[in-house]
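Before any comments, here is the structure.
Being a predicted model, the structure only gives us computed values, none of them experimental.
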Amino acid sequence: MVEDSEDLKDSRSQRIWTETSIRKENRFIDAVLSYLMGPRFLVYASCALSIWGDRMWHFAMSVFLIELYGHNLLLTAVFGLVVAGSVLVFGALIGDWIDRKPRNKVAHASLFIQNSSVTGCCVVLMLVFSYKTEIEQMWHGWFSVFCYAVVIILADLANLASTALTITIQKDWIVVITGDNRGQLAGMNAAIRRMDQVINIFAPLSVGQVMTWASNVIGCGFILGWNLISLLVEFIFLSRVYQLVPPLAVKPQQNAGEYAIERQMELTDVQGSCFEQIRDLPICSAVVEFINKPGIPEAPTEQKSSPEMQRKSITKLPLCFRKMHRMLCTCRDGWKAYYRQSVFLAGLGLAFLYTTVLGFDCITTGYAYTQGISGSLLSILMALSAFSGLMGTILFTKLRKHYGLAVTGVVSSLLHVSCLMLCVFSVFASGSPFDLGIFSLLTSKNSSLNHETLQKNQLHIYPFQRNINQPILPDRSSIHWTNNTVLLDSVHGDNHPESYISIILLFSGVILARIGLWSFDLTVTQLLQENIPESERGIVNGVQSSMNYLMDLVHFIMVILAPQPQQFGLLVIISLLFVITGHVMYFIYAKKYKIKETVIPTNSERKPQNPSV
C-alpha cells in the first residue's frame, strides 16, 4: 500500500510537471506567434526586404552603367548627378505629398512606383544587353542614347519612390506604432539600422555572384524577380500593419496659424499673393525678413487687392504655370518649416557629415587601391566597418537609456571626431603620398621636367585631363564599378608604398569612427522623430533628405577639384572640418535645449496606448 501511494504521488507529480511544461511551451509558442504577427515584426520584415532590394539594385546599377558605356565612368557620373539633383529639388514636394495623403495610400503608391520602376529598368537593360550591337546601329547610335536616358530616368524615379517609402515607414509609421514609448522607438530605430548594416554586406554579394557566374542579363532577371516578389510581400505586410495599428488611419489636421492657412490656401488655389512673393523675393539675407512680413508694400495710390482679385489673377495663368507656382510655394514653405524646427541645427549638423571622403564609398576605396590594398583585404575592412556600425547602434541604446538623447549625441560626436583624428595623422605619416606641390605642377601644362620629377617622387600618377569624373583610379578599362567599392583587374602587386603606416591609420580611423557616426545618426534621427509635429513630419524629413544630398554633392565636387592621390590628404583635412562644423551645430542645439531633457521623464517610458504593439 505504501509503495502504491508513493507511485501514485510520483505519477501525479510527473503529470503536473508535464502539464506545466506543456503550458509553458504553449505560452512560449503563443508569444512567438503573437510577435511574428505583430506590427513591429511586420515592419522589420518589410524594411529588410526593401533594404535588400535597394542594396542589390544600387550595386547592380553601378556595374550595368559601366558595362553599357564601355567601361567609362560618364554614365555613372550622370546618374549620380541626376539622383542627387532630383532629391534636392523634389525632396520638399515628396514630403508635402506624404503629409497630405493617407498613410496607407502613400506607402502603397511609393512601393508600387519603386518596384515597377526597377522592373521596367531591368527589362530595358536586358534588351540592351541582349541586342547591344543592333541597338548601337539604329538611328546612327542615338537609340542607344535614348535607352541610356530611359534607364537613368527609371532608376531615378525608383530612388525618389524609395526616399518617399523610407520617410513614410522609418520616420512616420514607427513613431505612431511606438506611441509615447521612447525606449521602443529607440529600439526600432537601432534594429532597422542593424539590418541595414548587415544587408549592406550580403545583398551586393548575392547579386554579384549571380552576375559573375551567369551574366548581366541573368542578374537583371534575378533583380526583376526579387522586386516582383518583394512588392507582393511588402504590400501584404504593410496592409496588415495598417490594420493592426488604428492610429495610422488618423491623419493630423493642419495646425491653426499663419503657416497652415497659407498651405491650405495654396492647395485650393485661393492665395494668389504667393506668386508675387516669389516673383519679388529678395536674393540675400532679406529672405527671412521678407517672409515674415504680412504683405508686400504697395504704392499709396494703389488699393490692396482682395483675395478674390488675387485668385482671379492666378486662375488667368495657364495650368502649367499654376502648377509650377504651387510647387514653388510648397518648396518655399517646406524650407521655412525646416528652418523653424527646434531641431534645425541638429538636422543641419547631420547633413554636414555627408561632406566627407572618410567612408567606405567609391572615393576612399579607389584611393586604397592606388596605395596597394587588395580587393580581398578591402572586403575584410568593409566587414569590420559594418561590425563597427553595429557596435554604434548598441552604444546608442545604452547611452540613451541612461543619459538621454542630448548627452548621447554629445558623446557620439566626441567619439566620432576623436577617431577621425587618426585619419588626419595618416596624412602626415610614413607612406602617405600627400604632396601639395602637385597643385603647382599640374598648372604647369608645358613643363615636362616637372612631370618627370613628379613621376620619380610619387607612386601613382594619372594625368589630370584624362578622367575628371574619377581620376584617382587607374586606367578606365580595368574598372568594375560598384556602389561601395571598385574592383580592378590590372592593379599589379608590385605597386606598394614604402610604408603602410599611413593607410593603416586612415582605415583604423574610418572603421572606429563608424561607432560614433551611427550612434550620432540614430540620435539625430530620433530627435527629428520626437520633435517634428506630426502634420509636418513628411515635408521636414523631405527637406532633410534634400540637405543630405546637397552636402553629398559638395563632397564629389571636392574630389573633382582635387582628384590626384597626392591631394587626398587635403580632402581628408577638409572633410574633418566639415564634420567638426556639423558637430558644433549639434553642440549649440544640445546646449540650447538640454534643459528640456535633463532626465528622461518616467512617463516617456510607459507602454504605448496601442495594445497591439
Apply the test side-chain contact (heavy atoms from CB on, under 4.5 Å) to residues Val43 and Ile169: give CA-CA distance (whole Å), side-chain angles for both, the deciding distance (0.1 Å), then the verdict.
CA-CA 8 Å; Val43 169; Ile169 303 301; 4.1 Å; yes

Considering residues at least two apart in sequence or located in another chain, which fulfil the side-chain hydrogen bond (donor to acceptor under 3.5 Å, both in side chains) criterion with [X]?
{"X": "Ser86", "result": "Asp156"}
{"X": "Gln197", "result": "none"}
{"X": "Gln170", "result": "none"}
{"X": "His108", "result": "Ser239"}

Strictly by modelled atom types, are Thr525 and Asn189 linked by a side-chain donor-acceptor pair under 3.5 Å?
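Looking only at side-chain atoms, Asn189 and Thr525 do not form any donor-acceptor pair under 3.5 Å.
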
Does any part of the side chain of [Y], heavy atoms only, come nearer than 4.5 Å to the side chain of [X], both counted from C-beta?
{"X": "Thr523", "Y": "Phe396", "result": "yes"}
{"X": "Met195", "Y": "Cys47", "result": "yes"}
{"X": "Leu506", "Y": "Tyr367", "result": "yes"}
{"X": "Leu522", "Y": "Thr397", "result": "no"}
{"X": "Ile201", "Y": "Met382", "result": "no"}
{"X": "Met558", "Y": "Thr355", "result": "yes"}
{"X": "Trp173", "Y": "Pro39", "result": "no"}
{"X": "Tyr338", "Y": "Leu348", "result": "yes"}

Looking only at heavy atoms, which two atoms of [X] and [Y] are closest? And how far apart?
{"X": "Ala562", "Y": "Leu571", "result": "O-CD1, 3.6 Å"}
{"X": "Ala164", "Y": "Ile98", "result": "O-CD1, 3.7 Å"}
{"X": "Tyr242", "Y": "Leu248", "result": "CE1-O, 3.6 Å"}
{"X": "Val175", "Y": "Thr178", "result": "O-OG1, 3.3 Å"}
{"X": "Gly582", "Y": "Phe352", "result": "CA-CB, 3.8 Å"}
{"X": "Leu165", "Y": "Ser50", "result": "CD2-OG, 3.9 Å"}

Under a 3.5 Å distance rule, please check whether [X] uses its side chain to pair with a backbone N or O of [Y] as donor and acceptor.
{"X": "Ser46", "Y": "Leu42", "value": "no"}
{"X": "Ser130", "Y": "Leu127", "value": "no"}
{"X": "Ser546", "Y": "Gly542", "value": "yes"}
{"X": "Asn200", "Y": "Asp196", "value": "no"}

Distance in Å, [X] [atom1] paired with [Y] [atom2], rounded so as to fall on 0.5 Å steps:
{"X": "Asn548", "Y": "Leu553", "atom1": "CG", "atom2": "CG", "answer": "11.5 Å"}
{"X": "Thr330", "Y": "Asp96", "atom1": "OG1", "atom2": "CG", "answer": "4.5 Å"}
{"X": "Arg55", "Y": "Ser206", "atom1": "CZ", "atom2": "OG", "answer": "12.5 Å"}
{"X": "Met61", "Y": "Asp54", "atom1": "CE", "atom2": "CG", "answer": "13.5 Å"}
{"X": "Leu384", "Y": "Ile511", "atom1": "CG", "atom2": "CD1", "answer": "5.0 Å"}
{"X": "Ile51", "Y": "Ile192", "atom1": "CD1", "atom2": "CD1", "answer": "7.0 Å"}

side-chain contact (heavy atoms from CB on, under 4.5 Å) between Ser545 and Ile167, intermediate numbers included
CA-CA 9 Å; Ser545 298; Ile167 294 175; 4.0 Å; yes

With [X], which residues qualify under side chain to side chain contact (heavy atoms under 4.5 Å, CB included), at least two apart?
{"X": "Met327", "result": "Phe90, Leu93"}
{"X": "Ile153", "result": "none"}
{"X": "Leu395", "result": "Leu399, Leu415, Ile515, Ser519"}

So among Asn159, Ile152, Val151, which one has a side chain to side chain contact (heavy atoms under 4.5 Å, CB included) with Phe79?
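The passing option is Ile152.
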
My understanding is that only residues two or more places apart in sequence, or in another chain, count here; which of them pass ring-ring contact (aromatic ring centres under 6.0 Å, His included) with Tyr549?
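In terms of ring-ring contact (aromatic ring centres under 6.0 Å, His included), with neighbours along the sequence ignored, Tyr549 is linked to no residue.
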
Qualifying residues under ring-ring contact (aromatic ring centres under 6.0 Å, His included), relative to Phe507, sequence neighbours excluded:
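Counting only residues at least two positions away or on another chain, Phe507 forms a ring-ring contact (aromatic ring centres under 6.0 Å, His included) with Phe360.
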
Which residue pairs pass the salt bridge (charged side-chain N to carboxylate O under 4.0 Å, His left out) test with at least one member in residues 102-130, sequence neighbours excluded?
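Residue pairs with at least one partner in residues 102-130: Arg103-Asp172, Arg103-Glu534.
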
Would you sort out whether Leu353 and Asp521 count as a side-chain contact (heavy atoms from CB on, under 4.5 Å), showing the intermediate values?
CA-CA 9 Å; Leu353 302 190; Asp521 179 85; over 6 Å; no

Show which side-chain atoms of residues 218-236 pair as donor or acceptor with protein atoms under 3.5 Å away, not counting sequence neighbours.
residue, atom, partner, partner atom, Å
Asn227, ND2, Ile223, O, 2.8
Ser230, OG, Glu234, OE2, 2.4

Residue pairs involving residues 382-392 (criterion side-chain hydrogen bond (donor to acceptor under 3.5 Å, both in side chains); sequence neighbours excluded):
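Passing the test, one end in residues 382-392: Ser385-Arg514.
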
Between Arg194 and Thr393, is a side-chain hydrogen bond (donor to acceptor under 3.5 Å, both in side chains) present by the stated rule, with each step listed?
CA-CA 7 Å; Arg194 292 181 191 123; Thr393 62; 2.9 Å; yes

Given side-chain contact (heavy atoms from CB on, under 4.5 Å), test Ile174 with Gln529 step by step and report yes or no.
CA-CA 9 Å; Ile174 66 173; Gln529 291 170 333; 3.6 Å; yes

More than 12 foreign heavy atoms under 6.0 Å from CZ of Phe387: is that the case here?
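No, CZ of Phe387 has 12 or fewer neighbouring heavy atoms, counting only those of other groups under 6.0 Å.
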
